[in-house]
Protein chains: 2
Amino acid sequence: MAKIEKLTIPLQKKLPPRSVERLSKYRRLLSMLYAGNGEFIFSHDLARLLNLTPEQVRRDLMLIGLSGNRRKGYSIRALIDIIGETIDKEEGYNVAIVGVGNLGRAITAFIRKAQTKLNITAAFDVDANKINREIAGVPCYDILRIPDMVKKLNISIVILTVPSDVVKDISDLLIHSGVKGILNFTSVHLDIPSDVYLKDYDIITSLEEIGFFIK
Amino acid sequence: MAKIEKLTIPLQKKLPPRSVERLSKYRRLLSMLYAGNGEFIFSHDLARLLNLTPEQVRRDLMLIGLSGNRRKGYSIRALIDIIGETIDKEEGYNVAIVGVGNLGRAITAFIRKAQTKLNITAAFDVDANKINREIAGVPCYDILRIPDMVKKLNISIVILTVPSDVVKDISDLLIHSGVKGILNFTSVHLDIPSDVYLKDYDIITSLEEIGFFIK
């Protein structure tokens, strides 16, 4: 059996965002290969499948303390586990979705279907027809209960899909309530403190950007 | 009235992606201000609202050949128009959505509600219950008709929300059919030719990345 050598205890906080992103992608690809009965993989195969260089892949895996076996490559199962140890919290992350219109509802269902350590534990909305019911399998609370429920449910990440005119107030409320990560699907720029990690998924801007570059 | 001076005919193809992204954001913000009866704006106000430096904003606007009036700033209406002239095609872009499950359907509705030059003109799916019907207000065709319909409807941009196992085949089909831009909501890495512009919106990877950095 190919041996995976654990070189050092990695300084996990020091990983660059791009490496974390790639590690997450490696794991998803590896999980598919593992489900298809794959056992071992070489860094150059992993690289080819993801259109990266083998050096890049090896560097990322070295960052989490791994080097492969020259003859057989990496054990897929071990890679999945060790990437998981590095990038997952033991108990997973509690995620809430704020704004459960069509888009919020679809994203919730999408994430619930993917097998990850992300637990969508709450939805928030202003609509009385949604509050105190389950939306896409997740209990929906009044948006005014954000401070209370974020603490109670230990929610650290929020997906924001609310109308533009309320984004600012709601993001302030979320940050005051202790939320540490935001995936922002609105087109509104969020002014956030440096200890909050933000990613913008601005669909319209991205499509306009694509449009410009293919003109 | 504040005068907007058009300095030069800009070399539009030379704009950096980040500038295009910001110009698109400026326009959206300006449209909201205009709707609220705003007439003029200074670059430093635009900068403050978007958390940028005034120099950055002025540089972006210079790139499209604009300089403001020192006393009154920029005319909001003129800014909106000239950004539009720069980043929009005259007739707008024809966009298709490929895969109209819950997420595809919600994204379609979301884009149709936003007022942009993006025309969602077709949806594609494999589901016989969707084919030849309207989904979220858009006619849905069999995925096998992609080559035919992409040409007939002059579709240049595609939003990809299909299951992982078919992404590769479908993206090959799209590229062969002449699609030039892809917004990829799947977690599968696309290997695309250099004349196709790709943006990845990989929700799960992004949430895992956020999770890692707030750990």
Side-chain angles (χ1 to χ4, degrees), chain A residues 12-13 15 17 20-21 24-25 27-29 32 49-51 86-89 92-93 95 101-107 109-111 114 116-118 136 156-157 159 164-165 180-183 187 189-191 195-199 201-215, chain B residues 12-13 15 17 20-21 24-25 27-29 32 49-51 86-89 92-93 95 101-107 109-111 114 116-118 156-157 159 164-165 180-183 187-191 195-199 201-215:
Chain A
Q12 307 188 346
K13 274 289 187 198
L15 290 178
V20 174
E21 210 177 280
S24 171
K25 276 185 201 290
R27 177 168 58 175
R28 222 109 38 77
L29 175 63
M32 284 190 264
L49 289 166
L50 292 169
N51 205 27
T86 310
I87 69 175
D88 294 336
K89 263 202 334 189
Y93 305 100
V95 177
N102 289 329
L103 189 61
R105 196 189 294 247
I107 292 168
F110 178 81
I111 295 169
T116 70
K117 286 229 173 187
L118 304 158
S156 47
I157 303 176
I159 301 162
S164 299
D165 52 338
K180 290 294 172 215
I182 298 176
L183 185 59
S187 60
H189 175 86
L190 297 186
D191 198 0
D195 66 331
V196 174
Y197 195 86
L198 169 73
K199 268 193 100 92
Y201 265 24
D202 182 348
I203 297 175
I204 306 295
T205 296
S206 291
L207 288 172
E208 289 186 344
E209 182 192 329
I210 293 172
F212 176 79
F213 282 103
I214 64 174
K215 202 159 58 171
Chain B
Q12 305 188 349
K13 274 291 187 195
L15 291 178
V20 175
E21 211 176 280
S24 171
K25 276 185 202 292
R27 176 168 59 175
R28 223 106 41 75
L29 175 63
M32 283 189 265
L49 290 166
L50 291 168
N51 204 27
T86 310
I87 70 176
D88 293 336
K89 265 205 328 193
Y93 305 100
V95 177
N102 290 328
L103 189 61
R105 196 190 293 247
I107 292 168
F110 178 80
I111 295 170
T116 71
K117 286 231 174 185
L118 305 158
S156 47
I157 303 176
I159 302 163
S164 298
D165 52 339
K180 289 295 170 215
I182 299 176
L183 185 59
S187 60
V188 178
H189 174 86
L190 298 186
D191 198 1
D195 66 331
V196 175
Y197 196 85
L198 169 72
K199 270 193 98 93
Y201 265 24
D202 183 347
I203 297 174
I204 306 295
T205 296
S206 291
L207 289 171
E208 289 186 346
E209 181 191 330
I210 293 172
F212 176 80
F213 282 103
I214 65 174
K215 200 158 60 171

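Lettering of chains follows the sequences in order, A, B, ..., and the numbering in each one begins at 1.
Among the candidates Val196(A), Leu190(A), Asp191(A), the residue making the largest number of heavy-atom pairs closer than 4.5 Å to chain B is Asp191(A). Interface remark: of the candidates Ala106(A), Ser156(A), Ser164(A), Ala106(A) forms the most heavy-atom pairs closer than 4.5 Å to chain B. Heavy-atom pairs under 4.5 Å with chain A were tallied for Ile182(B), Asp165(B), Asn102(B), Ile157(B); the largest tally goes to Ile157(B). Chain A forms more heavy-atom pairs under 4.5 Å with one residue of Asn51(B), Thr116(B), Val188(B), Leu29(B) than with any other, namely Asn51(B). Among the candidates Ile107(A), Leu207(A), Val95(A), the residue making the largest number of heavy-atom pairs closer than 4.5 Å to chain B is Leu207(A). With respect to chain B, the highest number of heavy-atom pairs below 4.5 Å among Ile159(A), Leu198(A), Leu118(A) belongs to Leu118(A). Ranked by heavy-atom pairs under 4.5 Å with chain A, the list Ser187(B), Gly101(B), Ala114(B), Ala109(B) is led by Ser187(B).
If you measure heavy-atom distances from Tyr201(B) to chain A, the contacts under 4.5 Å come from both the backbone and the side chain. For a residue to count as touching a neighbouring chain, one of its non-hydrogen atoms must lie under 4.5 Å from one of that chain's; by this rule Arg27(B) touches chain A with the side chain only. Residue contact with chain A, scored on non-hydrogen atoms closer than 4.5 Å, involves the backbone and the side chain of Asp202(B) alike. Within the 4.5 angstrom heavy-atom criterion, atoms from both the backbone and the side chain of Ile203(B) approach chain A.
In this structure, Lys180(B) and Asp195(B) approach most closely via the heavy-atom pair NZ-OD2, 2.9 Å.
Tyr197(A) pairs by the ring pair (Phe, Tyr, Trp, His ring centres under 6.0 Å) definition with Phe213(B), not counting sequence neighbours.
Lys199(B) has a carboxylate O that lies under 4.0 Å from a charged side-chain N of Glu21(B), or vice versa, which qualifies the two as a salt bridge.
Once rounded to the nearest 0.5 Å, the distance linking CD1 of Ile204(A) with CD1 of Ile111(B) reads 5.0 Å. Of the inter-residue distances, the one linking Lys25(A) atom NZ with Leu49(A) atom CG reads 13.5 Å to the nearest 0.5 angstrom. The distance from atom CD1 of Ile210(A) to atom OH of Tyr93(B), rounded to the nearest 0.5 Å, is 10.5 Å. To the nearest 0.5 angstrom, Leu183(A) atom CG is 6.0 Å from Ser206(B) atom OG.
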Would you please test Thr86(A) and Leu15(A) for side chain to side chain contact (heavy atoms under 4.5 Å, CB included) and show each step?
CA-CA 10 Å; Thr86(A) 310; Leu15(A) 290 178; 3.8 Å; yes
